[in-house]
Amino acid sequence: MSNTQKPRSSNFIRDIISADIAAGANDGRVATRFPPEPNGYLHIGHAKAICIDFGMAQEFGGQCHLRFDDTNPAKEDTEYVDGIKRDVRWLGFDWKDNLFFASDFFEQMYELAEGLIRDGKAYVCTLSEDEFREIRGTVTEHGKESPGRLRSTAENLDLFRKMKAGEFDDGHCVLRARADMTSANMKMRDPPLYRIRKQTHHRTGDKWCIYPMYDYAHPLEDALEGITHSLCSLEFQDNRELYDWVIDNTAVTTKPRQYEFARLNLTYTIMSKRKLRLLVENGHVSGWDDPRMPTLCGMRRLGIPAQAIRAFIDRIGVAKANSVVDVANLESTIRDTLNTQAPRVMAILDPLKVIVDNFDPDETDWLDASYWPHDIPKEGTRKVPFTRELYIERSDFEENPPKGFYRLSPGKEVRLRYGFLVKCTSVEKDDNGQITALHVTYDKSSRSGNAPDGRKVKGTIHWVSATEGLRVDVNLYDRLFGVEEPDAGGDNFLDHLNPDSLKRIEAIVEPSLKDSPPESAWQFERNGYFVVDNSTSKLTFNRTVGLKDSWAKKSEPKTSATPKKSPQPKSQATTSDSDRRARKRKGKGELQAALHASDPVLASRLSRYVEECGLSEKDATTLTSNRGVSDFFEAALKAGGSPQSIANWVANAVQSVAKDVGYDALRFTGEDVSDLTRLIDENVISSKGAKKVFAVMTESGGNPKELVETLGLAQISDPAAIQAMVDDVIANNPQQTEQFRAGNNKLFGFFVGQVIRASEGRAEPTLVNQILRKTL
RNA sequence: UGGGGCAUGGUGUAAUUGGCAACACGUCGGUUUCUGGUUCCGAAGAGUCUAGGUUCGAGACCUAGUGCCCCAUCCA
């Protein structure tokens with residue numbers, strides 16, 4: 001799998017893992033996990049997670065565990081466990097012997113919880129749900145502490161053991177983490193770790209009556225299994241702080257890390273488990289495996305190859321932005337993989353009878369027909385029977401052909417694929433003027449498709465013998481919803497159901513298809529890809545996806561089957577909306593004004609910076625936005641140098657690193673920055689060189705002047721030396737040089753970059769620009 | 001009102017970590033073809049949410065703003 005890798009584009013998770021390996025984290029080991037709760041069926045959204053979890057492990061020579069997160073006995077069932085295993089396997093992934101259940105760890109989790117209590121990190125809270133909700137606070141107000149926090153360790157331990165022993169009813173009490181009721185992160189406000197649930201668990205039976213919560217169980221499962229990278233979706237970002245809390249405060253020895261990526265959304269599709277369930281329960285579909293469902297078992301019945309799903313997931317990438325992928329993308333990968341995998345056969349979905357007047361009614365001519373077109377390097381043929389009465393597709397005949405129509409019409413000739421050239425001689429109609437049959441004559445000498453006289457026939461159409469053809473059921477599936485984002489409007493998604501998402505028809509197919517096995521995929525030529533349904537004994541074909549049809553697009557562009565998205569202004573709020581927000585929000589600007597009003601020191605510095613140092617009001621405001629920057633700037637100023645230069649460096653570079661570590665933890669002082677700016681202003685180093693020096697100062701501190709020495713970063717301002725580098729770069733990049741001279745001015749930046757890189761950042765940029773412009 | 005995230009062609013992702021905004025889907029041409037499929041070639045389409053700033057050079061760094069998503073289940 002790895003040697004066929006195309007130069008694949010990167011993603012942040014891949015970057016993190018390879019950086020970890022490079023740094024020797026976890027001894028270079030990579031372990032991931034796919035952790036479904038066994039309470040429903042897997043859908044294409046899970047396929048993304050599966051491909052990422054298993055794919056990353058595979059790519060880095062690690063392992064991916066399949067783990068059932070069964071911490072809530074009320075919802076879970078073994079039925080789902082089997083379905084999920086089957087689907088993951090079908091998708092093409094193997095967890096080897098790494099099959100786990102959260103319930104495998106209940107005993108250890110319990111022990112660790114007792115440890116937490118002993119360490120004073122957890123307590124039993126007997127507040128009712130409503131009472132706790134009351135004191136928990138809101139997103140904007142701190143919470144208050146539960147009286148349970150005051151209980152002694154011994155008492156907590158005793159209560160917890162009683163919980164375990166079943167001495168309390170459901171909901172009587174709960175074990176909580178002693179975290180932080182004042183945290184801005186609601187997840188950290190003493191979250192429950194264990195609750196009482198007197199229910200039979202699908203694996204542990206009645207052994208337990210307390211069950212761990214997700215936020216407690218999940219990190220422990222990861223740690224206990226030795227997971228290194230715990231990948232999940234975006235909505236768990238707030239939970240990460242708690243995840244780390246659990247890892248740090250329990251006696252586990254490994255430290256798994258959680259990373260979050262965006263879920264998959266698809267146009268014309270809903271992904272919510274709840275809503276999918278509703279479709280099943282209300283009978284809008286036949287079940288979880290209805291081929292219109294985005295479930296893996298549904299997609300499998302629709303005939304989508306697992307390989308196509310994997311290719312699709314690979315194609316859409318991994319990122320943190322919420323987005324909606326166009327299903328056309330999926331359809332493209334389906335056609336792409338089926339193109340080389342599905343043998344070609346002929347089937348008529350909407351029959352129109354054709355009588356070959358000059359063909360012997362008693363004869364059957366068995367013609368050779370290849371299963372594969374010329375461009376697919378596969379062998380194999382079958383025989384198709386040619387008889388006097390045939391069917392062709394109704395849409396392949398036009399009595400009054402529009403321009404560009406090169407199928408059959410009166411007096412015109414077409415090729416019957418793998419058969420003969422035929423010419424339409426007359427049309428039969430019923431009383432309503434409906435065409436009931438066509439009469440044609442065939443050119444006996446054109447057997448297998450070409451006329452000996454070499455005349456060209458543009459049109460080729462497919463056909464099936466009326467007498468030898470097989471009548472089969474065909475399900476013509478279309479997208480379940482008629483709008484791009486059925487999920488957008490909350491619960492009215494049922495209003496958007498596409499009434500034509502399933503058309504059940506009888507079709508006539510060539511007899512070779514008689515014994516085609518369930519799940520075998522075929523291309524019905526000029527129609528689409530079809531799969532033999534695996535749920536009925538009668539031969540039934542499901543349409544997986546149609547072929548691209550550029551004729552349909554050309555001939556009736558207005559009634560296109562795929563509605564176009566109405567161009568919508570992207571994220572434009574209404575004026576009233578933004579007005580309201582503007583009024584409500586107290587911007588940082590206002591907050592700063594308030595700060596200056598309450599801190600006279602900052603206020604006076606601000607005016608001094610403007611008046612004495614000549615800084616812009618904006619710069620001055622930035623440099624007095626808090627005591628941290630301001631004190632730092634003061635110190636730098638005191639050490640001397642150009643106030644504007646220092647201001648620029650403090651406001652940009654210094655602020656950038658201080659944002660991460662804080663002003664107290666900086667490895668350099670204001671004086672150092674003052675020195676650094678002086679080196680720049682005196683042309684000792686280039687600004688690029690200064691950035692290098694600054695990077696080292698940030699990392700390990702040090703005096704700028706000495707660093708310039710030791711790093712050898714003194715600026716090169718000797719025109720001759722720069723000229724040499726310029727000549728070198730031009731010589732080494734003949735192609736770019738040619739392009740630039742041909743007028744691609746954008747390449748100038750490329751050349752500057754090359755020269756500066758060649759000088760390791762030491763060349764004086766203005767000089768480089770001058771010389772480069774002249775030389776080029 | 002607090003916190004956590006996100007913002008690049010119509011859509012989904014990239015961008016050597018500050019140096020030619022690229023790839024795929026879709027769209028439109030042409031080519032190939034016994035499938036109006038496939039193949040191949042080509043084109044159009046964004047100057048990176050806005051406004052300032054730093055820099056020789058900003059999609060990337062700084063400041064301020066805007067928009068969207070997530071968080072107050074004893075669900076996961």
Side-chain angles (χ1 to χ4, degrees), chain A residues 9-11 35 37 39 69 71-72 75 129 132-133 136-141 170-171 174 183-187 189 192 194-197 213-214 218 234-235 237-241 260 262 267 315-326 328-329 332 335 339 344 373-376 406-407 415 417-418 448-450 457 459-462 523 525-526 547-552 554 564-565 567 570-573 578 581-582 584 586-589 616 618-619 621-622 625 648-649 651-653 655-656 687-688 691 736 739 744 746-747 749-754 756-757 764-766 768-769:
Chain A
S9 73
S10 189
N11 68 56
E37 184 186 14
N39 71 345
D69 218 348
T71 57
N72 187 350
K75 296 195 188 174
E129 243 182 290
F132 192 80
R133 212 190 306 277
R136 178 174 43 203
T138 67
V139 289
T140 53
E141 294 160 34
D170 282 15
V174 66
S183 173
N185 181 355
M186 295 292 291
K187 296 281 184 226
R189 317 248 260 236
Y194 269 92
R195 78 293 215 187
I196 302 170
R197 280 268 183 287
M213 301 289 296
Y214 167 87
H218 206 88
L234 248 32
E235 66 270 28
Q237 288 174 120
D238 288 342
N239 302 58
R240 188 178 56 233
E241 192 180 351
E260 312 87 10
T267 55
R315 195 182 267 194
I316 58 173
V318 183
K320 298 181 83 152
N322 292 315
S323 61
V324 185
V325 177
D326 191 340
N329 233 306
S332 154
R335 292 193 189 100
N339 179 39
R344 274 51 170 183
H374 64 98
D375 52 355
I376 288 173
Y406 48 79
R407 278 110 98 147
R415 173 167 31 239
R417 181 137 229 234
Y418 311 117
S448 92
N450 286 308
V457 176
T460 299
I461 63 175
H462 61 282
Q523 185 194 103
E525 290 206 49
R526 306 208 308 130
L547 256 26
K548 273 209 264 185
D549 189 349
S550 49
W551 169 246
K554 203 180 294 182
K564 286 280 172 284
K565 189 186 199 171
K570 199 176 172 185
S571 54
Q572 282 284 326
S578 56
R581 281 172 183 282
K584 271 184 106 171
K586 191 182 277 179
K588 265 195 193 170
S616 71
K618 201 165 171 191
D619 283 349
T621 307
T622 302
S625 60
N648 286 344
W649 271 82
N652 291 292
Q655 198 151 222
S656 177
S687 69
K688 190 109 170 179
K691 290 228 163 112
Q736 280 85 350
Q739 281 175 29
N744 184 356
K746 282 188 227 164
L747 275 170
F750 164 80
F751 284 107
V752 178
Q754 290 299 309
I756 294 203
R757 182 163 304 180
E764 188 185 321
T766 45
V768 172
N769 274 282

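Predicted model, so just to flag it, every value in this text is computed and none were measured. Letters go in sequence order (proteins before strands), and every chain restarts at 1. Note that these values count all heavy atoms, side chains included, but never hydrogens, waters or copies made by symmetry.
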In whole angstrom, what separates [X]'s [atom1] from [N]'s [atom2]?
X         : N      : atom1 : atom2 : value
Arg407(A) : U35(B) : CZ    : P     : 13 Å
Gln523(A) : U38(B) : CD    : P     : 9 Å
Asn450(A) : U33(B) : CG    : C1'   : 12 Å
Gln655(A) : C62(B) : CD    : C1'   : 7 Å
Trp649(A) : U63(B) : CH2   : C1'   : 17 Å
Asp549(A) : G26(B) : CG    : P     : 14 Å
His462(A) : G36(B) : NE2   : C1'   : 12 Å
Ile376(A) : U33(B) : CD1   : P     : 16 Å

Starting at [atom1] of [X], measure out to [atom2] of [Y] and round the result to the nearest 0.5 Å.
X         : Y         : atom1 : atom2 : value
Tyr418(A) : Arg344(A) : OH    : CZ    : 8.5 Å
Glu37(A)  : Asn72(A)  : CD    : CG    : 6.0 Å
Gln736(A) : Phe751(A) : CD    : CZ    : 6.0 Å
Trp649(A) : Ser656(A) : CH2   : OG    : 11.0 Å
Thr460(A) : Arg407(A) : OG1   : CZ    : 11.5 Å
Gln237(A) : Glu235(A) : CD    : CD    : 9.0 Å

So which atom in [X] and which in [Y] form the shortest heavy-atom distance, rounded to 0.1 Å?
X         : Y         : result
Met186(A) : Thr138(A) : SD-O, 3.6 Å
Asn339(A) : Ile376(A) : O-CD1, 2.9 Å
Asn239(A) : Tyr214(A) : ND2-CE2, 4.3 Å
Met213(A) : Pro192(A) : CG-O, 3.3 Å

Identify whether any heavy atom of [X] sits under 4.0 Å from a base atom; if not, whether one sits that close to sugar-phosphate; answer base, sugar-phosphate or nothing.
X         : value
Tyr418(A) : base
Gln736(A) : base
Asn652(A) : base
Val324(A) : sugar-phosphate
Leu747(A) : base
Val457(A) : nothing

Give me the distance, rounded to whole Å, that separates [N] from [M] when you measure between the [atom1] atoms they each carry.
N      : M      : atom1 : result
A7(B)  : A15(B) : P     : 12 Å
U35(B) : C25(B) : C1'   : 23 Å
U38(B) : A24(B) : P     : 16 Å
U17(B) : G12(B) : P     : 28 Å
U73(B) : U8(B)  : C1'   : 37 Å
U16(B) : G26(B) : C1'   : 29 Å
G45(B) : U50(B) : C1'   : 23 Å
U13(B) : U48(B) : C1'   : 14 Å

Check: How would nucleotides 70-76 of chain B be written as a contact map, 5' to 3', with B for base contact, S for sugar-phosphate-only contact and - for no contact, using protein heavy atoms under 4.0 Å?
Finding: SSBSBBB

Note to self: For G53(B), does the O4'-C1'-N9-C4 or O4'-C1'-N1-C2 angle fall within 90° of 0, making it syn, or is it anti?
What the structure shows: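 Anti for G53(B); the angle lies over 90° from 0.
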
Next item on the list: Have a look at U17(B) and give me syn or anti from its glycosidic angle (syn if within 90° of zero).
Entry: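 Here the answer is syn: the torsion falls within 90° of 0.
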
Among [options], which is the nearest nucleotide to the side chain of [X]?
X         : options                : answer
Asn11(A)  : U63(B), C20(B), A14(B) : A14(B)
Asn339(A) : U35(B), A14(B), U38(B) : U38(B)
Thr460(A) : A24(B), U35(B), G12(B) : U35(B)
Ser656(A) : A51(B), C62(B), C6(B)  : C62(B)
Arg344(A) : C20(B), U35(B), U11(B) : U35(B)

Notebook entry, point to check: Between Ser323(A) and Arg315(A), which is nearer to the 5' end of RNA chain B once each is assigned its nearest nucleotide?
Noted result: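 Nearer the 5' end of the strand: Ser323(A).
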
Using a cut-off of under 3.5 Å, enumerate the N/O to N/O pairs linking the protein to nucleotides 55-57 of chain B.
none

Margin query: Base of U1(B), side chain of Thr140(A) - is there a donor-acceptor contact under 3.5 Å?
Written below: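 Between U1(B) and Thr140(A), which were checked side chain against base, a qualifying N/O pair under 3.5 Å is present.
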
Item checked: Residue-phosphate contact under 4.0 Å: Lys746(A) side-chain N/O, A21(B) OP1/OP2 ->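 The answer is yes; a side-chain N or O of Lys746(A) sits under 4.0 Å from OP1 or OP2.
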
Check: Does Thr622(A) put a side-chain nitrogen or oxygen below 4.0 Å from OP1 or OP2 of A64(B)?
Finding: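 So the side-chain polar atoms of Thr622(A) never come under 4.0 Å of the phosphate oxygens OP1 or OP2 of A64(B).
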
What nitrogen or oxygen pairs link the protein and nucleotides 29-31 of chain B at under 3.5 Å?
none

For the side chain of [X] and the backbone of [Y], is there at least one donor-acceptor N/O pair under 3.5 Å apart?
X         : Y         : answer
Arg415(A) : Gly449(A) : yes
Asp326(A) : Asn329(A) : no
Arg189(A) : Ser183(A) : yes

Note to self: Applying ring pair (Phe, Tyr, Trp, His ring centres under 6.0 Å), can you list everything that pairs with His462(A), at least two apart in sequence or on another chain?
What the structure shows: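 His462(A) satisfies ring pair (Phe, Tyr, Trp, His ring centres under 6.0 Å) with no other residue.
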
Check: Have Ser332(A) and Arg315(A) got a donor and an acceptor in their side chains that come within less than 3.5 Å?
Finding: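 Yes, because at least one side-chain N or O of Ser332(A) sits under 3.5 Å from a partner of the opposite role on Arg315(A).
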
Margin query: Are there runs of at least three consecutive Watson-Crick or G-U pairs touching RNA chain B, with each pair's two distances under 3.5 angstrom? Give them by first number.
Written below: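 When the pairs of RNA chain B are grouped into runs of at least three, the stems are B:2-7 with B:66-71, B:10-13 with B:22-25, B:27-30 with B:40-43, B:49-53 with B:61-65.
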
Notebook entry, point to check: Can we say Arg240(A) and Glu260(A) salt-bridge, meaning some charged N sits less than 4.0 Å from an Asp/Glu carboxylate O?
Noted result: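 Judged by the 4.0 Å cut-off on N to carboxylate O distance, Arg240(A) and Glu260(A) do form a salt bridge.
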
Next item on the list: Report the residues that fulfil side chain to side chain contact (heavy atoms under 4.5 Å, CB included) with Arg335(A), sequence neighbours left out, ordered by chain and then residue number.
Entry: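 Side chain to side chain contact (heavy atoms under 4.5 Å, CB included) list for Arg335(A), sorted by chain: Glu331(A), Tyr529(A), Val545(A), Lys548(A).
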
